[in-house]
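Comments concern the structure below.
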Amino acid sequence: MKRVARVQRGADPHWVGDGFPVRTYFSYDQGPSISPFLLLDYAAPARFEPAPAPRGVGPHPHRGFETVTIVYDGEVEHRDSAGGGGRIGPGDVQWMTAASGIVHEEMHGRDFTRRGGTLEMVQLWVNLPARDKMSPPRYQDLLDARIPRVPLAGDAGTVRVIAGEFLGAAGPARTFTPIELLDVQVHAGRSAQLAVPAGHTAIVLVRRGAVQIGGRDVRATELAFLDRDGEVLQLTAAATDAQLLVLAGEPIPESVVGYGPFVMNTKAEIGQAIADFESGKMGRLP
Ligand code: MN
């Protein structure tokens with residue numbers, strides 16, 4: 001049975017561009033304990049009034065990893081220099097592989113901007129192993145309808161399988177290394193058991209409600225890092241329904257050298273990434 005190694009709250013909120021008020025829960029300067037993950041930002045529900053032009057973050061590059069955006073409420077529109085793009089809404093996920101490098105923008109959707117509304121989303125950065133860091137970029141639009149919903153035993157709730165597998169249902173995300181990304185709802189007072197391969201990094205973000213894991217309480221907007229031992233993650237929801245995101249993955253045993261939007265294995269590769277971006281080799285937005 002997995003135990004909680006530590007619980008932490010997000011850092012103070014900051015704005016990504018003018019569209020995303022996020023708290024950062026971890027980033028790559030925390031070292032190998034979070035591998036294969038590099039960064040987690042959570043934008044808790046925030047109200048936006050109607051506006052004449054979309055808010056968001058303008059063109060910026062990435063190299064060496066993947067950005068995974070999960071929208072719970074509102075609408076996010078993306079465009080990148082490799083021709084990828086799309087608009088995702090509640091329940092949808094965008095899995096963007098920057099790999100050798102892209103330039104993209106991340107904005108609120110046009111309809112959402114016109115109407116105003118509540119935005120809630122997560123952005124997760126997933127590292128790539130050295131052999132894949134310079135692969136061509138790709139873009140996966142994982143719409144809610146394609147994400148399997150699996151009932152938990154005993155009517156305890158539901159698991160949406162974004163990546164990896166749960167009770168034989170496979171998530172639609174194609175990943176470079178073994179990753180499980182599960183969006184979990186547990187009804188008030190009920191317990192759920194999830195299997196996570198031993199040795200994988202396993203992290204739980206509680207969005208709503210509270211859960212108990214191995215005797216530790218983890219409350220809304222808290223993040224629990226779990227021990228890598230054990231394969232069974234047992235959680236019990238407190239007196240209200242709990243909504244949480246479970247991320248797990250096989251650690252990548254390689255050095256991590258990051259600088260802003262670039263995450264590589266060496267300082268020289270970071271220097272190369274900056275030079276390639278500045279000379280236009282990561283492309284431009286149309
Ligand atoms: Mn970005």
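Both counts, for ligands and for their atoms, begin at 1 and track the order of listing. From a predicted model like this one, the values you see are computed outputs, not experimental measurements.
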Could you go through Y28 and N127, starting from their C-alpha distance and side-chain angles, then the distance that decides it, and tell me whether this counts as side-chain hydrogen bond (donor to acceptor under 3.5 Å, both in side chains)? CA-CA 9 Å; Y28 49 75; N127 204 6; over 6 Å; no

Has the side chain of E75 got a donor or acceptor atom that lies under 3.5 Å from a matching backbone atom of F112? yes

Quiz item: Can you check whether Q185's main-chain N or O pairs, donor with acceptor, with R160's side chain at less than 3.5 Å?
Solution: no

Atom pairs and distances, side-chain donor-acceptor, residues 278-286, under 3.5 Å, sequence neighbours left out:
{"residue": "S279", "atom": "OG", "partner": "A275", "partner atom": "O", "Å": "3.1"}
{"residue": "S279", "atom": "OG", "partner": "D276", "partner atom": "O", "Å": "3.3"}

Sequence neighbours excluded, the answer for side chain to side chain donor-acceptor pair (under 3.5 Å) partners of R138 is none

By salt bridge (Lys or Arg N to Asp or Glu O under 4.0 Å), E120 pairs with (sequence neighbours left out) R207, R208

The protein N, O or S atoms lying under 2.8 Å from the Mn ion (ligand 1) are H60 NE2, H62 NE2, H104 NE2, E106 OE1

